[in-house]
Amino acid sequence: IDAIPALERAEALAPGNPSTAYNLGLAQWKDEQRAEAARTWNHALRRSPDAPRLLMAAGITRSLPWPDIENDPARGVELAKRLVQTQPASPNAMLLLAAATLAAGDHPASAEALNRATEMKADMGAIRLMQAMLIAELGNRDRGAELYKRVRPNITQANMLRQGLL
């Protein structure tokens, strides 16, 4: 992606700017440099520990299994909880907490976070996807797979960008 060198220069000129670091990581992610994107976001979090977009990106990359990225669900839960603390009214923060706690194997906490996200009017596609994952994880794989198949066509990059999930 052409933006990467420009964003790297901007980061070098003004280190610590969470927007620049987030956008650099996003450009790296879109260029399939996933491990480098995760490193960029995690490094930026040391300088800006409460930056919401950095918490979201780092929480997703730590919680979910991605190729070439160290999976650390406990760290993902920690990041998700920090995001909820900084943005208590954010349904997306609550969805991240649901995903992170599910990845960490804490099904009751995941269900609770998912219920709270629903009350906060989170994106219904994201809620259904999380429900499918939770149902499958709790042992009803066929029902989870059926729900996932119904929801999957509505999960697009455009929708995720619009909802602030990317």
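Numbers for residues simply follow the sequence, beginning at 1. Quantities reported herein were computed from a predicted structural model and do not represent experimental measurements.
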| query | Roughly how far, to the nearest 0.5 Å, is the NZ atom of K81 from the OG1 atom of T101? | reply | 8.5 Å
| note | Residues pairing under side-chain hydrogen bond (donor to acceptor under 3.5 Å, both in side chains) where one sits in residues 57-67, two or more places apart or in two chains, turn out to be none
| request: Any chance you could measure E32, atom CD, to R34, atom CZ, to the nearest 0.5 Å? | output: 5.5 Å
| query | Are L45 and L79 side-chain neighbours, meaning at least one heavy-atom pair lies under 4.5 Å? | reply | yes
| Between CZ on residue R39 and CD1 on residue I69, distance to nearest 0.5 Å | 9.0 Å
| Would a 4.5 Å heavy-atom cut-off, applied to side chains only, mark D106 and P108 as touching? | yes
| Counting only N and O atoms by type, is there a donor-acceptor contact under 3.5 Å from the side chain of S90 to the main-chain atoms of A93? | yes
| message | Count I, L, V, M, F, W, Y as connected when their side-chain heavy atoms are under 4.5 Å apart, and connections chain through other members. Are V84 and L55 then in the same cluster? | response | no
| query | Counting distance only, does the side-chain N/O of D31 pair as donor-acceptor with the main-chain N or O of A27 below 3.5 Å? | reply | no
| request: Just jot down the side-chain contact (heavy atoms from CB on, under 4.5 Å) partners of E78, sequence neighbours excluded, or say none. | output: R75, R82
| Reference residue R53; test side chain to side chain contact (heavy atoms under 4.5 Å, CB included); the match among L83, N23, L26 | N23
| task | Please report the closest heavy-atom contact between L95 and A117, naming both atoms and the distance. | result | CD2-CB, 3.9 Å
| Electrostatic pair R116-E119, nearest N-O below 4.0 angstrom | no
| said: I need the minimum non-hydrogen distance between W29 and W41, along with the two atoms involved. | reply: CE3-CZ3, 3.9 Å
| query | Quick one: CE on M94 to CD on Q87, what's the gap to the nearest 0.5 Å? | reply | 11.0 Å
| message | I'd like to know if the side chain of S110 and the backbone of A98 have a donor-acceptor N/O pair within less than 3.5 Å. | response | yes
| request: Establish whether L96 and Y22 are linked, either directly or via other cluster members, by ILVMFWY side-chain heavy-atom contacts under 4.5 Å. | output: yes
| task | Taking the side chain as every heavy atom from C-beta outward, state whether Q33 and I4 have any atom pair closer than 4.5 Å. | result | yes
| field | Basic-acidic side-chain contact under 4.0 Å: E11, R47 | value | yes
| query | Are L97 and M120 connected, step by step, through hydrophobic side chains (Ile, Leu, Val, Met, Phe, Trp, Tyr) whose heavy atoms are closer than 4.5 Å? | reply | yes
| said: Would a single hydrophobic cluster contain both L54 and M56, if residues Ile, Leu, Val, Met, Phe, Trp and Tyr are joined by side-chain heavy-atom contacts under 4.5 Å? | reply: yes
| query | Shortest non-hydrogen contact from A104 to V77? | reply | CB-CG2, 3.8 Å
